[in-house]
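By convention in this document, chain letters (A, B, ...) are assigned in the order of the sequence lines, proteins followed by strands, and residues within each chain are numbered from 1.
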Amino acid sequence: MNVFAELQDRIGLILKGLIDNGQLPAGLDLSRFVVEPPRDPSHGDLATNAAMVYAKEAKPGFSSPRELATTLAYTLAGDPDVDQAEVAGPGFINIRLHPHVFADVLRASLSDDSYGRPAVRDERAVNVEYVSANPTGPMHVGHGRGAVFGDALANLLAFSGRKVTREYYINDAGAQVDVLARSAFLRYREALGESIGEIPEGLYPGDYLKPAGAALAKAHGAALRDKPEAEWLPLVRAFAIDAMMEMIRTDLAAMNIRHEVFFSERSLTQGDAGEDHVRAVIEDLRARGIVYVGHLAPPKGQLPDDWEDREQTLFRSTDFGDDVDRPLIKSDGGYTYFASDIAYHKSKVDRGFDDMIDVWGADHGGYVKRMQAAVKAVSGGRASLDVKLCQLVKLMRNGEPVTMSKRAGTFVTLRDVVDEVGVDAVRFMMLFRKNDATLEFDLAKVIEQSRENPVFYVQYAHARCKSVIRQAKAVFADLDTSAATLSTADFTLLTDEGEAGLAKMIAQFPRQIDAAAAAHEPHRVAFYLHDLASSLHSHWNRGKDQPHLRFVNEERRDLTSARVAMVSSLTRVFASGLGVLGVSAPDEMR
RNA sequence: GAUCCCAUAGCUCAGCUGGAUAGAGCAACUGCCUUCUAAGCAGUAGGUCACAGGUUCGAAUCCUGUUGGGAUCGCCA
């Protein structure tokens, strides 16, 4: 139950009535106005700008926004849920709802777990691709941000009804996995007892490859050692990639992140029957005139040292909104990463996804236009791709940047951070920020200074609610706190302004979910929960000076029932919201 | 040279897709624990929303330009 959406619908119907009467012109876009909580709560429960939005089109029939607003307000006042509708300022309509509406909201929130989900579900499939870290080593904190963001976004979309597939693209085809193979081979020789000395420049020096080397030694003995590279490389490469992916999967699992699909880049050029999907896409696009052979102008400004004018195979991305056409085939004859990526996204389209979201690091920002161009091209303009860029994470400790160097061994992995501060703190902190703003993550503050820490603030609010329910049961031993019974409580007893405020906040949950899902911005849920927690703590403390406001009142069983019902509703909203973020909602925090 | 992102209180950040008097937290100052968890609350102070134009009944929000910071710029991924 979303009171904002319902009022939006009703106002839409009123406008439609005016159109049918000829008082408003036909063809008005009825989705342009909004219904939102007014900035100043004394103005009412809801406000709409409808009259101002349509003032211009309403001109002949209504001479001013206020005149249209007056007509709308008059009709709205007849709605059984509306207590008062008045025109204010330049043409706002401030609406006060009957208290029974908020009682309905509380009952709805208690009835089942669907509270917060939209009434009309959009059940179309959506593919969310995130993490996709190269399988060449452990994930760092930057990967973690994309991982948490993508996971929460997937949760959010699933919560609002979408059919979500979580996908990971394994970059197992480039030169970097050959480097990985050579690095693992060195560790293999080491495991056989050879002294390998310093890891040569250009190979991965990390200790994390030692287990893979040891496992290779165990599986193959010395059999690989004296073979030429061409013979052992594919085998060692596949083995090392598996080992790295296993490590990555384990680290993701430690953050409660699980993907349904792991898609191998290599499988694009080497399908099960040896088919080459990249070539197929290129040929298809060539046949349609979207791929051609031509020259590219050198980039302006700083010219690369090794620039030479060359004829190459190009994708006509400028036809689809990109700045320049993009090469598909490298000078050595291999496919560019972009070529593979076109085939990859075509695979998503072929698998039925017209709606795709990719979560990338900010360093890939320059890649967005061409990928969107490619999606348009391979889907005939049908499919859409939204790319969410996650900005950098600045890792700090007590206000000092943590220096990271793989060579010096001071590299901090994502796993290190999770182990140090816990999953909940990592996830919440990464979501308590817009994805396109850089994030300062202070390891010390996140655990030490709990006052400064929004994670605990919100979790504490949930625990407090749970505590109230425990207290109520301690006082009224036979109090039935099941949702079914609490729904029958007398909500008209909740007359205090703090209680009303909490009910209004609860009523906003579905709206916040809607907005966050539509904008692909899970951080809005985190901020909403923080606000909700603030309202709860504030009301709670009023009970100090005014004991009659405490949730549990030993002399008033009926009142306690109604308040516990509201508190129970709060626990559900906190639990649902935190669930979307993938953060736990503890019953107590001792 | 081009593209993308960012610029809001001393610091870290929100600002609900253009609405009414711009909000939190931290830091500073003043209060509140014999009472449901003080990991909390109430209050004071702090702003030319980088700058200049434009669109609009109305702009922190949209457009153009400028400045500053970050990222990227045929064959890496």
Quick one: which protein N/O atoms are closer than 3.5 Å to N/O atoms of nucleotides 15-19 of chain B? Pair and distance per line, please.
residue, atom, partner, partner atom, Å
B/G15, OP1, A/His523, NE2, 3.0
B/C16, O2, A/Arg511, NH1, 2.8
B/C16, O2, A/Arg511, NH2, 2.9
B/G19, N7, A/Asn49, ND2, 3.1

Query raised in the report: Considering only B/U56, B/A77, B/G74, which nucleotide approaches the side chain of A/Lys56 most closely?
Result: B/U56
Requested in this report: Could you give the distance separating B/A42 and B/A27 at their P atoms, to the nearest angstrom?
Outcome: 16 Å
Query raised in the report: P atom, B/G68 versus B/A14: distance in rounded Å?
Result: 24 Å
Query raised in the report: With rounding to whole Å, what would you report as the distance between B/A52 and B/C16 at their P atoms?
Result: 23 Å
Report task. Could you please name the partner base of B/G25, counting Watson-Crick and G-U wobble pairs only when both distances are under 3.5 Å? Result -> B/C11
Requested in this report: Tell me the partner of B/C57, counting only Watson-Crick (N1-N3 plus N6-O4 or O6-N4) or G-U wobble (N1-O2 and O6-N3) with both under 3.5 Å; none if nothing fits.
Outcome: B/G19
Report task. May I ask you to decide if A/Gly44's main-chain N or O and A/Asn94's side chain share a donor-acceptor pair within less than 3.5 Å? Result -> no
Query raised in the report: How long is the line joining CZ of A/Phe428 and P of B/C13, in whole Å?
Result: 16 Å
Report task. Could you give the distance separating B/U17 and B/A60 at their P atoms, to the nearest angstrom? Result -> 16 Å
Report task. Assess the pair A/Phe432 and A/His530: is the distance between their ring centroids shorter than 6.0 Å? Result -> yes
Requested in this report: Could you check whether A/Tyr337 gets within reach of a base, just the sugar-phosphate, or nothing at all, counting any heavy atom under 4.0 Å?
Outcome: base
Report summary line: Rounded to the nearest 0.5 Å, the CD atom of A/Glu86 sits from the CG atom of A/Leu76 at a distance of 12.0 Å
Requested in this report: Could you tell me whether the phosphate oxygens of B/A38, OP1 or OP2, come under 4.0 Å of any side-chain nitrogen or oxygen in A/Trp540?
Outcome: yes
Query raised in the report: Would you call the rings of A/His364 and A/Tyr367 parallel, tilted or perpendicular if under 30° counts as parallel and over 60° as perpendicular?
Result: perpendicular
**Report entry** Nearest-0.5 Å distance, CD of residue A/Gln372 to CG of residue A/Leu385
**Finding:** 5.5 Å
Query - Distance below 4.0 Å between A/Thr336 side-chain N/O and B/C76 OP1 or OP2 - result: no
Report task. Enter syn or anti for the glycosidic conformation of B/U61, syn applying to angles within 90° of 0. Result -> anti
Report task. Output yes when a side-chain donor or acceptor of A/Ser568 lies under 3.5 Å from a complementary backbone atom of A/Val564, and no otherwise. Result -> no
Query - B/G18 to B/C62 separation - C1' atoms, rounded to the nearest Å - result: 8 Å
Requested in this report: Among the candidates B/A14, B/C41, B/C36, find the nucleotide nearest to the side-chain atoms of A/Arg433.
Outcome: B/A14
**Report entry** Listed nucleotide nearest any side-chain atom of A/Arg464, set B/G40, B/A14, B/A39
**Finding:** B/G40
Report task. Tell me whether the OP1 or OP2 atom of B/C41 has a side-chain N or O from A/Tyr457 closer than 4.0 Å. Result -> yes
Report task. Please name all residues satisfying ring-ring contact (aromatic ring centres under 6.0 Å, His included) with A/His345, sequence neighbours left out, ordered by chain then number. Result -> none
Query raised in the report: Taking the same atom, P, in B/G74 and in B/A22, what whole-Å distance lies between them?
Result: 47 Å
Query raised in the report: Since syn is defined as within 90° of 0, does B/C33 count as syn or as anti?
Result: syn
Query raised in the report: Expressed as a whole number of Å, how far does the C1' atom of B/C11 sit from that of B/A45?
Result: 16 Å
Query raised in the report: For A/Lys330 and B/G74, is the shortest distance between a side-chain N/O and OP1 or OP2 below 4.0 Å?
Result: no
Requested in this report: Using whole Å, report how far CD of A/Glu440 lies from P of B/A14.
Outcome: 12 Å
Query raised in the report: For residues A/Arg464 and A/His537, is any side-chain donor paired with an opposing acceptor at under 3.5 Å?
Result: yes
Query raised in the report: Who is the Watson-Crick or G-U wobble partner of B/G47, with both distances under 3.5 Å?
Result: none
Report summary line: When both distances are under 3.5 Å in a Watson-Crick or G-U wobble arrangement, the nucleotide paired with B/U30 is B/A42
Requested in this report: Give the rounded distance in Å between these two atoms: CE of A/Met589 and P of B/G40.
Outcome: 10 Å
Report task. Calculate the interatomic distance between A/Gln546 atom CD and B/C32 atom P; express it in whole Å. Result -> 17 Å
Query raised in the report: Is the aromatic ring of A/His43 within stacking range of B/A20, meaning centres under 5.5 angstrom and planes under 30 degrees?
Result: yes
Query raised in the report: Looking only at atom P, what distance separates B/G47 and B/U8, rounded to whole Å?
Result: 15 Å
Report task. Using Watson-Crick or G-U wobble geometry with both distances below 3.5 Å, tell me the partner of B/A2, or none. Result -> B/U72
**Report entry** Ring centres under 6.0 angstrom apart (A/His523, A/Phe149)
**Finding:** no
